[in-house]
There are 2 protein chains.
Amino acid sequence: MLTEERHQLIRDQLAADGKVLAGELASRFGVSEDTVRRDLRELAKAGLLRRVYGGAVASAPFAAASVSQRSAHAVEEKARLAKTAVGLLVAGQSLFIDGGTTNEAIARAIPRDMELTIATNSLGVASALVDRPLVELIVLGGRYVPDLGTCVGADTLAAVAQLGADLFFLGSCGLDVARGVTAFDSAEAEVKRAMAKNSAGIVIAVTNDKLATAAPYRVAGADAIRHLVVEKTAPPATLADFQSLGAQIHFA
Amino acid sequence: MLTEERHQLIRDQLAADGKVLAGELASRFGVSEDTVRRDLRELAKAGLLRRVYGGAVASAPFAAASVSQRSAHAVEEKARLAKTAVGLLVAGQSLFIDGGTTNEAIARAIPRDMELTIATNSLGVASALVDRPLVELIVLGGRYVPDLGTCVGADTLAAVAQLGADLFFLGSCGLDVARGVTAFDSAEAEVKRAMAKNSAGIVIAVTNDKLATAAPYRVAGADAIRHLVVEKTAPPATLADFQSLGAQIHFA
DNA sequence: GCATGTTTTGCCTGTTTGTGCAAGAAATGA
DNA sequence: TCATTTCTTGCACAAACAGGCAAAACATGC
């Protein structure tokens, strides 16, 4: 049996059942589980499936961008980043928080006994804050975009324009020294720019996979970042670049 | 069975039923309750559900403290009212839906295959609609009031003023023939009035305990009600009064 | 044919991850 | 209050994992 042949059969079963088991494939193909694991690893690297313990599942192409699907990814890391990020907060501050799973983790990590004013266009962030009695929550309405989990558009921009904040927790889609902070969506980037304009400092918390990557729409230059919260394992060279542009680095 | 698979099934049931029981899941998956508890703990950590004693519930704003206390009340009745209320909808319509547990039940009851434009100031309603791909959702932002589960204030009013709707699902606090539709909160009443003004017809769905009661702030006269959805056990005399003022009565 | 280098595969190594069990803590309901 | 259920924590075991290694199959050049 050819390697290519196995790959095709794996993809077929994945399309039919939505999942495959490593052991099952091994006995079906008459090869060792190690070989199957290698196959799965390769296919995962090509983005054709998502590897999980015991096998693999279909890498939902449509829902990949959707917030609900993403949030299962790198939960631990994001929780650690969130914990460090909330350490930057001072009681009484006012914040902008936009969308993204990292920002939702930050919202959940905000201590219940801290008095804050928080404006957000993310329903996920808003939900996380509804039962915080000391948080004055301002919802930035507008047209809701399911893929982003946030509100965007003219209404959102108008609402942002009327507010100011001490800190802006910017959910970054891509972060690169040269290209700055970038987003995948034009309307989303516009809202982020408005928030950045009306806040005194920008805080960005990112997992390693966002570092040194860029998306089409520019939000702000790398020099606009006041605080950068990263994992301990982040590449030091990249961090040094951001630091030289004025960003304060915080390790989670 | 893959861990990932269990997580997905848990989320599916959560989306369908709004709750899951640890013991039930364990026997359904053929694993120990400890494993299910670990699954639930992980999903809760990712913010995908809210852990409760005995299982888990959907992590939506309607699980917030103030609202959840109410939502435990008369769940069955409200689900029936909701089912009848969505029967009034026609594909392509635009709606205002404001807060309240009954309106949240209505939002959940909206069929997934119906195309609608829905504007709401309730986070509970909004989160119930986020995964309806055919619903164009407009969030009416503003200052969030935890006790109400809705946004109110000048920003909300400004957003409402820019929109119009075919129907307005008015979450009523009190409903009396003489005093009309009334609310407990001044700012809340103001938003309701704005929505009523910009919509072609008002729909009110109420449980019996709201009938023939009144709250301090007046929203609209009883003659403004186009559709009134009530329980089968509602007092006929009261209903006759509303009917004589032009309301169409629908029994759940 | 022969030698060389590459690819694929299976096996072995230690490590990680998921699972069930048991004991103690916490929450619930009478 | 007490009894029961549910939950968390620590532990042990098995399954699954990545990486290194060597044998076999294959291609390439002489």
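All values derive from a computational prediction rather than experimental measurement. Sequence lines set the chain letters: A, B, ... in the order given, protein chains first and strands last, and positions in each chain run from 1.
Rounded to whole Å, atom C1' of C/dG20 lies 17 Å from atom CG of B/Leu25. Whole-Å rounding puts the B/Leu21 CG to D/dC7 P distance at 10 Å. Atom CG of A/Leu40 and atom P of D/dA16 are 12 Å apart (whole Å). The distance from atom CD of A/Glu33 to atom P of C/dT13 is 18 Å, rounded to the nearest whole Å. B/Met1 has its CE atom 18 Å from the C1' atom of D/dA16, to the nearest Å. Between the NZ atom of A/Lys45 and the C1' atom of D/dA18 there is a distance of 13 Å, given to the nearest Å. Rounded to whole Å, the distance from CG on B/Asp34 to P on D/dT6 is 12 Å. In this entry the distance linking CD of B/Glu4 with C1' of D/dA16 reads 15 Å, nearest Å.
Considering only side-chain N and O atoms, A/Arg37 lies nowhere under 4.0 angstrom from the phosphate OP1 or OP2 of C/dT9. For C/dT19, one of the phosphate oxygens OP1 or OP2 lies less than 4.0 angstrom from a side-chain nitrogen or oxygen of B/Thr3.
Note: A/His250 and A/His227 have tilted aromatic rings, judged against thresholds of 30 and 60 degrees for the angle between ring planes.
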How far apart are the C-alpha atoms of B/Asp176 and B/Thr182, what are their side-chain angles, what is the distance that settles it, and do they pass the side-chain hydrogen bond (donor to acceptor under 3.5 Å, both in side chains) test? CA-CA 8 Å; B/Asp176 183 81; B/Thr182 48; over 6 Å; no

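Residue-level contact check: A/Val36 touches neither bases nor backbone, having no heavy atom under 4.0 Å from any strand.
Judged by distance alone, with hydrogens and angles left aside, A/Tyr53 brings a side-chain donor or acceptor within reach of the base of C/dT17, the pair sitting under 3.5 Å. Between the side chain of A/Arg38 and the base of D/dG19, no donor-acceptor pair of N or O atoms lies under 3.5 Å.
Using a 4.0 Å cut-off between charged side-chain N and carboxylate O, A/Lys19 and B/Glu4 make no salt bridge.
Among B/Thr120, B/Asp98, B/Thr150, the single residue meeting the side-chain hydrogen bond (donor to acceptor under 3.5 Å, both in side chains) criterion with B/Asn103 is B/Asp98.
For A/Arg51, the side-chain atoms get nearest to D/dA18 when compared with the rest of C/dC21, D/dC7, D/dA18. Nearest to the side-chain atoms of A/Arg41 among the listed nucleotides D/dC7, C/dT19, D/dG19 stands D/dG19.
Every pair passing salt bridge (charged side-chain N to carboxylate O under 4.0 Å, His left out) that includes a residue from residues 39-49 of chain A is listed here, sequence neighbours excluded: A/Arg6-A/Asp39.
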